[in-house]
Amino acid sequence: MVEEEVRKVVASGRSSIAITIPKKWVSALGIGAGSHVLLRFMGDHVAVIPPLGRTVRGSGANNVIEVDRDNPDYVLRKLITQYLKGIDEVRVKFGGYADVKDEIKELVRERISGG
């Protein structure tokens, strides 16, 4: 059975937008406020995929962050994106930017692990 609804796209900050999903749909998927979902960009559409209680493990290039600039906040945002996807192991390759390694560790301790 296919159901369709037209929904309005609204601004949700400077770099995000929001689209509401009908409550009966999210209830049927077992998700709600505070749940994590995987968003998959598929060229001409976006899929919203509930993890169904499992942790999403990245593989290959999906769980590797290659530091390509001297900007610890940028790397932290990349790490947070992986965290929100449910990926439980991320490798960070610093290349020629190893001098920001300690600062990134400190940012992760402060902003992600809570201490």
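Along the sequence shown, residues are numbered consecutively beginning with 1.
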message = Nearest 0.5 angstrom please: R40 CZ to H45 NE2, how far?
response = 9.5 Å
request  = Starting at CD of E3, measure out to CH2 of W25 and round the result to the nearest 0.5 Å.
outcome  = 6.0 Å
ask   = Looking at CZ of R91 and CD of Q82, how far apart are the two atoms once the value is rounded to the nearest 0.5 Å?
value = 13.0 Å
message = Using side-chain heavy atoms (C-beta onward) and a distance below 4.5 Å, is V37 in contact with I31?
response = yes
request  = Kindly compute the distance separating CG (D70) from CD (E103), expressed to the nearest 0.5 Å.
outcome  = 8.0 Å
inquiry  = For R7, is the CZ atom crowded, meaning more than 12 foreign heavy atoms sit under 6.0 Å from it?
reply    = yes
Cluster overlap M42 with I21, hydrophobic side-chain contacts below 4.5 Å = no
task = Might you point out which heavy atoms bring F94 and V67 nearest each other, and give the distance in Å?
result = CD2-CG2, 3.7 Å
key: Exercise: identify the closest heavy-atom pair between D68 and Y74   = OD1-CE2, 3.7 Å
inquiry  = Using a 3.5 Å distance criterion without hydrogens, assess whether the side chain of S27 forms a donor-acceptor pair with backbone atoms of K23.
reply    = yes
task = Supply the atom-to-atom distance T81 OG1 to I65 CD1, rounded to the nearest 0.5 angstrom.
result = 8.0 Å
ask   = Under a 4.5 Å cut-off applied to non-hydrogen side-chain atoms, are V92 and I104 in contact?
value = no
Same apolar cluster: V48 and I19, side chain cutoff 4.5 Å = no
